[in-house]
Every structure is written in C-alpha cells, then in structure tokens.
Amino acid sequence: MNTENEENYKSYENILKRIIAPTITAILKTHSNIGLNYNGIVSEHPYNIMRKIFQKYKDETKSFITSKRLDRHKIAACICATILECKPLAGKKDELPPRHDINEVLAAYVGLYLLKAFMIEDRFKNSIDPCKIHIIKKFGMKFPPLEQNICDQSCYRDNFVRSLNRIPKYCEYKNSYCIQFDVWAYSKIFYHLEKYNIPLFNAFCKEYYESTSTKPSELIAATLITE
C-alpha cells in the first residue's frame with residue numbers, strides 16, 4: 001500500500017464511513033432498544049465526539065515515536081480506545097441494551113475489521129478483481145476458537161471483550177471513571193489477530209478462485225472486456 005492510500009485508510013473519516021457507521025447502523029436496525037448515546041451533549045453527535053477523542057489518542061501515541069506515523073495496529077488500538085471512551089451505544093430511555101458490554105464488543109470488531117480493510121488493500125490495491133468484492137461481502141475476520149485457547153474455558157473473543165470491559169477505572173481525584181487504555185499492548189494484540197487471519201484470508205481467496213475455475217488475471221481480463 002502506498003503512503004497516501006495508507007494515510008487515507010487511517011483517517012477517522014474513512015474509518016467512520018467504511019466501518020463504524022455501517023456497523024452501528026446495522027446494530028440499531030436489529031435492536032430496537034439500542035440508540036446512540038449522546039453522553040448528555042445533545043448538541044453534538046457521538047461521531048463528532050469520537051473524532052476528537054480519536055485525534056487525542058493518535059497525538060498521544062505519536063508523541064512517543066520518532067517517525068510520527070502510526071501503523072495499522074496502533075490505529076486499530078486508538079479507534080478501539082475511542083469507542084470505549086465515547087461509548088456511542090446505549091439503551092433507549094430506561095431500557096438496557098441486550099448486553100452490558102455492547103460498546104466493548106463494538107470496539108473489538110471495529111478494530112478487527114479495520115485490519116480487514118488493510119488486508120484487502122494490501123492484496124488487491126486498486127484491482128477490479130471480482131474476488132475483492134467477494135471478500136468484502138463474505139469474509140469474516142475471526143478470533144482464535146476455544147480449542148486453540150490452551151488452559152482456558154472462555155473463548156478468545158470473550159476474553160478480549162472482557163479485558164476491554166475492565167479498562168474504565170474509578171479515579172478518586174476526578175471523582176469519575178477514567179479510561180486507562182494501553183495503546184501499545186492492544187496494538188500487539190491486533191498485530192497477532194491480523195497474523196491469525198492472514199492464512200484464513202488467503203485460503204478464502206484460493207477457494208473463490210478454484211470455485212470459478214479461472215485464474216485471478218483471467219477474472220480481471222473478463223471484467224475489463226464486459227465493462
């Protein structure tokens with residue numbers, strides 16, 4: 001991925017448009033008792049609040065590195081922390097959401113699917129390969145299954161979400177809950193989650209090509225001819 005495309009992928013506007021907004025919209029459509037959480041700031045949309053928080057985490061993280069460019073895993077960690085702090089989803093009125101950790105689940109999957117967007121761009125770039133569309137629509141990023149989680153009775157996803165749920169800590173000085181999120185530690189987790197998904201991603205692509213009985217180059221050529 002070239003530098004310009006990479007930076008575009010890391011922008012809040014791109015993450016919001018491609019991942020956060022569609023995911024939240026889907027959740028709101030399927031769960032009538034969930035709504036957007038305005039955190040008492042009626043005049044400001046949660047998406048605008050998240051923009052400011054995301055920038056804060058990026059700036060803080062950049063201050064500790066010399067290159068001033070954040071890799072995809074740190075960006076995933078920053079957007080994860082942003083969702084945890086903003087908590088954009090809440091139960092409507094006095095209703096409770098279907099699960100108390102709905103924002104933590106959202107944060108985990110937004111980070112994971114941001115990595116999917118990078119993986120797609122790495123492989124296909126600006127290609128019009130039909131497999132790219134198939135991957136976007138059908139390939140789901142995975143957490144390691146329970147049988148691969150040695151000496152544990154909980155699956156990887158549940159443990160990950162549980163760890164996010166425990167991040168807010170009560171601060172006696174501020175008399176409120178504070179977010180103490182370690183971007184560096186969670187960026188490592190996202191790094192290993194991407195590594196885990198790369199073979200699954202490649203196998204998914206291979207299965208698609210085999211099912212069409214054509215090579216990637218032939219698919220591209222056929223698309224060009226029909227357009």
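Model, not experiment: these values are computed from the prediction.
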- Message: Using side-chain contact (heavy atoms from CB on, under 4.5 Å), reason through Ile120 and Phe201 one step at a time and then give a plain yes or no.
- Response: CA-CA 9 Å; Ile120 291 172; Phe201 181 89; 3.9 Å; yes
Just by modelled atom types, is the Leu89 backbone N or O under 3.5 Å from a matching donor or acceptor in the Asn103 side chain? yes
Practice problem: Please answer whether the main-chain N or O of Tyr47 pairs with a side-chain N or O of Tyr12 as donor and acceptor at a distance below 3.5 Å. | Solution: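 Flag set: sc Tyr12 to bb Tyr47 pair under 3.5 Å.
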In short, ring pair (Phe, Tyr, Trp, His ring centres under 6.0 Å) pairs touching residues 64-102 with sequence neighbours left out are His73-Tyr191
Could I get the full list of ring pair (Phe, Tyr, Trp, His ring centres under 6.0 Å) partners for [X], not counting sequence neighbours?
X      : answer
Phe124 : none
Tyr109 : Phe143
Tyr196 : none

Looking only at heavy atoms, which two atoms of [X] and [Y] are closest? And how far apart?
X      : Y      : answer
Phe181 : Ala77  : CE2-O, 3.3 Å
Ile49  : Tyr38  : CD1-O, 4.4 Å
Asp71  : Lys10  : CA-NZ, 3.7 Å
Ala90  : Asn37  : CB-CB, 3.6 Å
Leu164 : Glu104 : CD1-O, 3.5 Å
Tyr209 : Cys131 : OH-CB, 3.6 Å

Between side-chain atoms of residues 110-119 and protein atoms elsewhere (two or more places apart, or another chain), which donor-acceptor pairs fall under 3.5 Å?
from, atom 1, to, atom 2, distance (Å)
Tyr113, OH, Met141, N, 3.1
Lys116, NZ, Ile135, O, 3.1
Lys116, NZ, Ile136, O, 3.1
Lys116, NZ, Phe139, O, 2.6

| query | What residues, two or more places apart in sequence or in another chain, satisfy side chain to side chain contact (heavy atoms under 4.5 Å, CB included) together with Glu207? | reply |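 Listed in chain order: nothing, the list is empty.
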Can you list everything that forms a salt bridge (Lys or Arg N to Asp or Glu O under 4.0 Å) with [X]? Sequence neighbours excluded, please.
X      : answer
Arg157 : none
Asp59  : none
Lys92  : none

Pair listing, salt bridge (charged side-chain N to carboxylate O under 4.0 Å, His left out) test, anchored in residues 187-201, at least two apart |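 For residues 187-201, and leaving out neighbouring residues, the salt bridge (charged side-chain N to carboxylate O under 4.0 Å, His left out) pairs sorted by first residue read Arg72-Glu194.
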Contact check, side chains of [X] and [Y], non-hydrogen atoms, under 4.5 Å:
X      : Y      : result
Val183 : Cys80  : no
Lys138 : Tyr208 : no
Asn159 : Tyr156 : no

### Message
If the condition is side-chain hydrogen bond (donor to acceptor under 3.5 Å, both in side chains), which residues does Asp101 pass it with, not counting sequence neighbours?
### Response
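Asp101: side-chain hydrogen bond (donor to acceptor under 3.5 Å, both in side chains) contacts with Arg99.
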Give, for atom [atom1] of [X] and atom [atom2] of [Y], the distance between the pair rounded to the nearest 0.5 Å.
X      : Y      : atom1 : atom2 : result
Ile75  : Ser187 : CD1   : OG    : 10.5 Å
Lys62  : Lys74  : NZ    : NZ    : 12.5 Å
Ile53  : Gln55  : CD1   : CD    : 12.0 Å
Ile34  : Lys29  : CD1   : NZ    : 15.0 Å
Asp158 : Ser163 : CG    : OG    : 11.0 Å
Phe54  : Ile83  : CZ    : CD1   : 10.0 Å

inquiry  = Under 4.0 Å between a side-chain nitrogen and a carboxylate oxygen: does that hold for Glu13 and Arg51?
reply    =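 Here Glu13 pairs with Arg51 in a salt bridge, since their nearest N and O are under 4.0 Å apart.
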Under a plain distance cut-off of 3.5 Å, with no hydrogens placed, do Arg162 and Asn165 share a side-chain donor-acceptor pair? no
- request: I would like to know whether Phe204 and Asn197 meet side-chain contact (heavy atoms from CB on, under 4.5 Å); could you show each step before the answer?
  value: CA-CA 10 Å; Phe204 197 87; Asn197 276 275; over 6 Å; no
Only pairs under 3.5 Å count here: list side-chain donor-acceptor contacts from residues 17-28, not counting sequence neighbours, and write none if there are none.
from, atom 1, to, atom 2, distance (Å)
Thr23, OG1, Ile19, O, 2.6
Thr25, OG1, Ala21, O, 2.8

